[in-house]
Protein chains: 2
Amino acid sequence: MTKKQTYSIGELAREFDVTTRTIRFYEDQGLVSPSRRGQTRIYSPADRVTLKLILRGKRLGFSLAESKELIGMYQPQGDNRHQLLALQNKIQQRREQLEQQLRDIHALQLELDDAEQRCVDAMKELEN
Amino acid sequence: MTKKQTYSIGELAREFDVTTRTIRFYEDQGLVSPSRRGQTRIYSPADRVTLKLILRGKRLGFSLAESKELIGMYQPQGDNRHQLLALQNKIQQRREQLEQQLRDIHALQLELDDAEQRCVDAMKELEN
DNA sequence: CCCATTCTTTACGTTAACGTAAACTTCCCC
DNA sequence: GGGGAAGTTTACGTTAACGTAAAGAATGGG
């Protein structure tokens, strides 16, 4: 018994914790193109991977349009060089944004520590 | 000559690279409350700090409502303990999200390296 | 005094990423 | 064969965070 070869929209929705509406929306936007059996959508393992990539893109703050570009990279079709560079630029931007976020979080934590201290002090004051 | 004591909306907009509309919107949402000289808004250094905090919040993915909460923390007014805990929870969530993003970026980079390699290979192939 | 800036209020418009609802077909089970 | 459960299409609704436009007041320089 090897891996599952096809998936229904409901199965994928459950697995990735999104609604079927969401998955259909991605199809509408041209990010996935499942085959059909009659009316019903049949998703392949490749489609499943595509969904995974979309969701990872979302976590990274990519728009659906950007994720679509990104996913296009995985189907090598001649000269990816240009798109590859564009993509690497975006990754680099995210990296820098991440670093900024880390700095921001650190600053916020320092202020939190300070606020906490003031809070503790105020409570001690009340105990006297 | 010490630090500037007041700012116009335009000055702040320029300094933080946002539009005046944006700053007025924040006021509308109750995040800043500049004083007035007639109709005209006059911003204090404290207002300026508030703006900074809002923008940092944005960089961290906080909504304006969340940033508003956060900013409330800086005016100690009795029992901050509850809000302090809530805020720390949010910080923790952001931290975890950041770590997930870092993992995602690493995975993406590996795939990029792979794509790049395939790209180089394809070009070598063409040279023969 | 006039003109260009900078300010003001009011209010409708926009975008992304879905949510929600209606109305219908298909399939499976007992 | 009745009735869920899961699938389908179509289409209008929603939210956040501003954008954009209109129309008018105030101010400072030449």
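Remember, predicted model here, so these are calculated numbers, not experimental data. Letters A, B, ... mirror the listed sequences (proteins, then strands); counts begin at 1.
With a 4.5 Å cut-off on side-chain heavy atoms, B/Tyr7 and B/Arg14 do not count as touching.
If you take CZ of B/Phe25 and P of D/dA21, they are 19 Å apart, rounded to a whole angstrom. Rounded to an integer number of Å, the gap from CD of A/Gln39 to P of D/dA6 is 19 Å. One atom, CZ of A/Arg21, and another, P of D/dT10, lie 12 Å apart when rounded to the nearest Å.
A/Arg56 pairs with exactly one of A/Lys52, A/Arg59, A/Lys58 by the side chain to side chain contact (heavy atoms under 4.5 Å, CB included) rule, that one being A/Arg59.
A/Arg36 comes within 4.0 angstrom of sugar-phosphate atoms only, judged by non-hydrogen atoms across all strands, and of no base. Base contact: B/Arg24 has a heavy atom under 4.0 Å from a base atom. Backbone-only engagement by A/Ser8 is indicated by non-hydrogen atom pairs under 4.0 Å involving sugar-phosphate atoms exclusively.
For B/Gln117, the side chain to side chain donor-acceptor pair (under 3.5 Å) partners are B/Asp121, not counting sequence neighbours.
Judged by closest nucleotide on DNA chain D, A/Glu11 is the one of B/Phe62 and A/Glu11 placed further toward the 5' end. For the pair B/Thr22 and B/Arg37, nearest-nucleotide mapping onto DNA chain D gives the more 5' position to B/Thr22.
B/Arg94 forms a cation-pi arrangement with B/Phe62, by the criterion of a distance under 6.0 Å to the ring centre and an angle within 45° of the ring axis.
A donor-acceptor pair shorter than 3.5 Å can be found between the side chains of B/Gln92 and B/Glu96. Looking only at atom types and distance, the side chain of B/Asp113 has no donor-acceptor partner in the side chain of B/Gln109 under 3.5 Å away.
Distances shown here put every side-chain N or O of A/Arg41 at or beyond 4.0 Å from the OP1 or OP2 atom of D/dG7.
The nucleotide range of DNA chain C contacted by chain B, defined by atoms under 4.0 angstrom from heavy atoms of the protein and reported 5' to 3', is C/dC7 to C/dA11.
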